[in-house]
Amino acid sequence: MGQYIVRRILWMFVALFAISVVTFLLMRLVPGGPFNTERGIPEAVRRNLEARYNLDAPLIQQYFDYMGGLVVPRVTPTDWRQSQSEHYLINIETPIFGEGTAFRWMNFGPSLNSPNRTVTSIIEDSLPISVQLGFAAILVALVIGIPVGTLAALRQNTFWDYSSMAIAVTGVSVPSIISAPLLKYIFAVNLKVLPPNGWGGIEYVILPAFALGFIESALIARLTRASLLQVLREDYIRTARSKGLPERVVIGWHALKNSMIPVVTVIGPLAAALLTGTFVVETIFGIPGLGRSFVASIGNRDYPLIMGTVMLYATFVVIGNLLVDLTYALLDPRIRYD
Amino acid sequence: MATTTNNTSDRQIIRLDERRHGESLWRASLKRLRRNVLAVIGLIVLLVFAFLALFADYIAPYPFDKGTLGSANTAPTWVTQVFPSMIPVGQERGYIKINEDYPLGADRIGRDLFSRIVYGARISLMVAIIGPLVALSIGVTLGLLAGYFGGWVDNVIMRITDVVYAFPTLLFIILLMAFFRPSTGGLEEGTFAYGISAFDRSTGGLFFIFVGIGVTNWTGMARLTRGQVLSIREQEYVVAAKAMGVKDFGIMLRHVLPNILGPIIVAETLAIPRYISTEAFLSFIGLGVNPPTPSWGGMISDGAQQLASYPNQAIFPAIALFLVMFAFNFLGDGLRDALDPRMRGNG
C-alpha cells in the first residue's frame with residue numbers, strides 16, 4: 001500500500017509535468033500573440049515589449065524560467081524583488097532564518113494584458129470566488145442527491161422510486177449551460193427574488209450554485225439509490241434488523257453509512273467537473289471567478305495567465321483523481337495495489 | 001431506470017416454441033428495449049431531431065445566416081404570453097415588437113430562431129454520431145491490443161492512457177481549439193497547419209471539435225475494453241480458436257470483439273450527452289462551430305447576453321439541447337437494461 005501511494009504520487013508529478021509541457025507548447029504555437037492588436041503596433045515597440053517579458057528568449061529557456069518561478073520555493077527577505085512582476089501566492093514569514101525573511105512559493109509572473117497586475121494577484125482575487133462557488137455547488141448536489149436517492153431505494157419499485165429516478169435522468173440532461181439561463185430567467189428576471197448578476201452576499205451564491213450542482217445532484221441520487229439497494233441486501237442489515245433495532249437506526253446508521261462509500265468517491269471528479277462548469281456559470285451570472293479569467297486569457301494570448309490557470313486547475317484535478325483512487329484502494333481491499 | 005413494463009405473465013409462461021429456436025442476445029435485447037417506454041420515447045425524440053437535421057433545408061422557413069434588421073429582437077404574440085417579462089409594445093413599459101412571421105421570434109440581428117434551431121440540430125447530431133466513432137475507434141483499438149497481448153504492450157498503452165486521463169479534459173480541448181481554430185491569417189499557405197485549418201473551415205469548424213472530443217475521451221473506452229478483454233481472453237472458445245490456429249487479429253475481431261460489444265455500446269451511448277454538451281460549451285465560449293453556422297451552445301451564449309429582455313433567444317435553444325440530451329440519456333439507460341438485464345435498477 002505504501003509503495004502504491006508513493007508510486008501514484010510520483011505519477012502525479014509526471015502527469016503535471018506532461019501537462020505543463022503540452023500546454024506551454026500548444027499555447028506558444030497558437031498563431032497570434034499578446035501584442036498583436038487589431039490596429040497593429042510598430043515592429044520596434046512589439047520587439048521591446050517581447051524583450052521586456054522575456055518572450056524573445058528561446059522557448060525552452062522561457063519554459064524553464066517560468067516553471068522555475070512557479071514551482072521552486074525560496075526563502076528571501078520579504079522586500080526582496082528581482083523584477084516588477086515578482087509576486088508570490090504563498091508567503092510565510094520565517095523568523096528562524098532571521099527578521100523579515102519569508103518562505104515564498106508560486107510566482108505566476110506578469111499578466112501581459114493588464115500590465116499593472118500580476119497573474120498571482122488575479123488568482124488571489126478570483127480563485128477564492130470560484131472555490132466558494134464550487135463548495136456551494138457540491139453542497140447543493142449532496143443535499144438534494146442523497147435524500148432523493150435514499151427515498152427511491154427505500155421505496156423501490158413504487159411511484160416514489162420511478163418518479164425520483166425519472167427526475168434524476170432528466171437532471172442528468174441539464175448541464176449548467178441549460179440550467180443557468182433557465183434559473184436566471186425564472187428567479188432573477190421574472191420573480192425578481194434573487195440578484196441576476198454579480199458576487200457578494202449569500203443571495204448571489206444561490207442561483208449559480210444550483211445551476212452548477214443540479215446535474216451533479218442527479219448523478220448522486222442515482223448512485224445513492226444503487227448503492228443503498230445493494231447494501232440493504234447485506235447480511236449485517238438482516239442482523240441489525242433481527243437484533244430488533246428500530247428501522248430508523250438500521251437505515252440511518254447501518255445502511256446509509258455504508259452506502260455512502262461510492263458516493264464519497266465521486267466527489268473528487270465531481271469537484272473537478274464543477275471547476276470546469278464554472279466557466280459557463282460565471283459568464284452567465286457575471287461572477288468574477290477564475291473560469292472567466294481563463295477563457296479571456298486564451299483569447300488574449302496572455303501566456304502567463306493561461307499557464308498559471310491551467311497548472312492550477314490541473315493540480316486540483318490530478319489531486320482529486322489521486323484522492324479518489326486512494327479512497328477506493330482503502331475502502332475496497334479487493335483492489336490490487338500493484 | 002426501472003420503468004420497464006415487464007409483463008409478469010410473460011415470465012411465468014414458458015413458451016416452448018421460443019425455447020426451441022433459441023433467441024440471439026441482440027434479438028432478446030431489442031425486445032426488452034421495445035418494452036421500455038421511456039427508451040422508446042427517447043428514440044422517437046431523436047428520430048424527430050434527425051428528421052429536422054436531414055431536411056433542414058426544406059423545414060426551416062428562413063435561412064440561418066441572413067436576417068432582416070427590421071425584425072431584430074421581435075417575437076410572436078404567444079411567446080410574450082409564455083414569458084411574462086416580455087411585454088409587447090402598446091402595453092405599459094412594453095418594448096417587444098410583435099412579429100408573427102417568426103414562430104419562435106428573431107434574434108438580435110433579425111434571424112429566425114426556429115430556423116437556426118433546426119439547422120443547429122445538424123451540429124449536435126453530428127457530434128452525437130461522429131464523436132463516439134472517434135472515441136470508439138481509438139479507445140477500442142488500444143484497449144483490445146492492451147488486453148489481448150498483455151505484457152509490455154499493455155504496460156505502454158495503459159501508461160499513456162493514465163497520462164491522458166490525468167489531463168483536465170475541457171482545458172485540453174480549449175487549448176486544442178485555440179491552437180487549431182484561429183483564422184488561417186497567421187498561417188502560411190501550403191503548410192500542413194494551413195491545409196488542416198482550411199479543411200476545418202470547410203466543415204464549419206466541426207473537424208477540430210471531433211478531434212478534441214476524440215483525443216480526450218477515448219481513455220475510458222480503452223480501460224473498459226481492456227477490462228472486458230481480460231475477462232474473456234482465457235475463455236474456452238478463445239483458447240479453442242487459438243488451438244485451431246486462428247491468427248491473433250482474427251481472434252480479436254471475430255471472437256473477442258463481438259462478445260464485449262454490449263457494455264461498450266452502452267457506455268458510449270451514455271457518453272453521447274457529454275459530447276453534445278462539450279460542443280455546446282465550446283460554442284458557448286466562442287471556440288466551437290464557426291459563426292454564422294448555428295450551434296445551440298452559441299445561440300444560448302448570444303441569448304444569455306440579453307436574457308433579461310429577450311429570454312426566448314436563450315431558452316428555446318436550451319430546450320432543444322435539453323430534449324436531445326434527455327433522449328440520449330433515456331435511450332442509453334434503456335439499452336443498458338436491455339443488453340444486461342442483471343443491471344436493471346442499478347443506478
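Quick caveat: nothing in here was measured; it's all calculated off a predicted structure. Lettering of chains follows the sequences in order, A, B, ..., and the numbering in each one begins at 1.
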Checklist outcome for this item: salt bridge (Lys or Arg N to Asp or Glu O under 4.0 Å) filter on Arg223(B), not counting sequence neighbours, yields Asp162(B)
Checklist entry - Ala153(A), Ser173(A), Gly171(A): which one forms the most heavy-atom pairs within less than 4.5 Å of chain B? => result Ser173(A)
Checklist entry - Does a side-chain heavy-atom distance below 4.5 Å link Val189(A) with Pro311(B)? => result no
Next on the checklist: Could you check whether atom CH2 of Trp11(A) has more than 12 heavy atoms from other residues, nucleotides or ligands sitting under 6.0 Å from it?
Outcome noted: yes
Item to check | Per-residue contact mode, Arg274(B) against chain A (heavy atom under 4.5 angstrom) | outcome: neither
Checklist entry - Between atom CD1 of Ile178(A) and atom CD1 of Ile319(B), what is the distance when rounded to the nearest 0.5 Å? => result 9.5 Å
Checklist entry - Side chain, backbone, both or neither: which part of Phe328(B) has a heavy atom under 4.5 Å from chain A? => result neither
Checklist entry - Given a strict heavy-atom distance threshold of 4.5 Å, which part of Ile315(B) is in contact with chain A: side chain, backbone, both, or neither? => result side chain
Checklist entry - Are there more than 12 heavy atoms of other residues, nucleotides or ligands under 6.0 Å from atom CZ of Phe316(B)? => result yes
Next on the checklist: Testing the basics here: between Ile177(A) and Phe281(B), what is the closest heavy-atom pair and its distance to 0.1 Å?
Outcome noted: CD1-N, 3.9 Å
Item to check | Which portion of Thr224(A) sits near chain B, non-hydrogen atoms under 4.5 angstrom | outcome: neither
Item to check | Most chain A-contacting option - heavy-atom pairs closer than 4.5 Å, from Pro84(B), Ser309(B), Pro317(B), Gly297(B) | outcome: Pro84(B)
Item to check | Distance, nearest 0.5 Å, that separates OG of Ser301(B) from CD1 of Ile284(A) | outcome: 8.0 Å
Checklist entry - Within a strict 4.5 Å, meaning less than it, do heavy atoms of the Ser85(B) and Tyr185(A) side chains meet? => result yes
Item to check | Heavy-atom contact with chain B under 4.5 Å, split by part of Pro196(A) | outcome: neither
Next on the checklist: Tell me whether Phe13(A) at atom CZ has more than 12 heavy atoms from other residues, nucleotides or ligands lying less than 6.0 Å away.
Outcome noted: no
Next on the checklist: In the structure I gave you, are the side-chain heavy atoms of Val172(A) and Pro273(B) within less than 4.5 Å of one another anywhere?
Outcome noted: no
Checklist entry - At a heavy-atom separation under 4.5 Å, does Leu307(B) approach chain A through its side chain, its backbone, both, or neither? => result both
Checklist entry - Do Phe322(B) and Thr170(A) come close enough that some side-chain heavy atom pair is under 4.5 Å? => result yes
Checklist entry - From Phe294(A) CZ over to Ile285(B) CD1, what is the distance, rounded to the nearest 0.5 angstrom? => result 8.0 Å
Checklist entry - What do you reckon, is CZ of Arg155(A) surrounded by more than 12 foreign heavy atoms closer than 6.0 Å? => result no
Checklist outcome for this item: Those residues at least two apart in sequence (or on a different chain) that pass salt bridge (Lys or Arg N to Asp or Glu O under 4.0 Å) with Arg8(A) are Asp325(A)
Item to check | Side chain proximity check, Asp333(B) to Arg222(A), heavy atoms < 4.5 angstrom | outcome: yes
Checklist entry - Is it the backbone or the side chain of Ile306(A) that comes under 4.5 Å from a heavy atom of chain B, or both, or neither? => result side chain
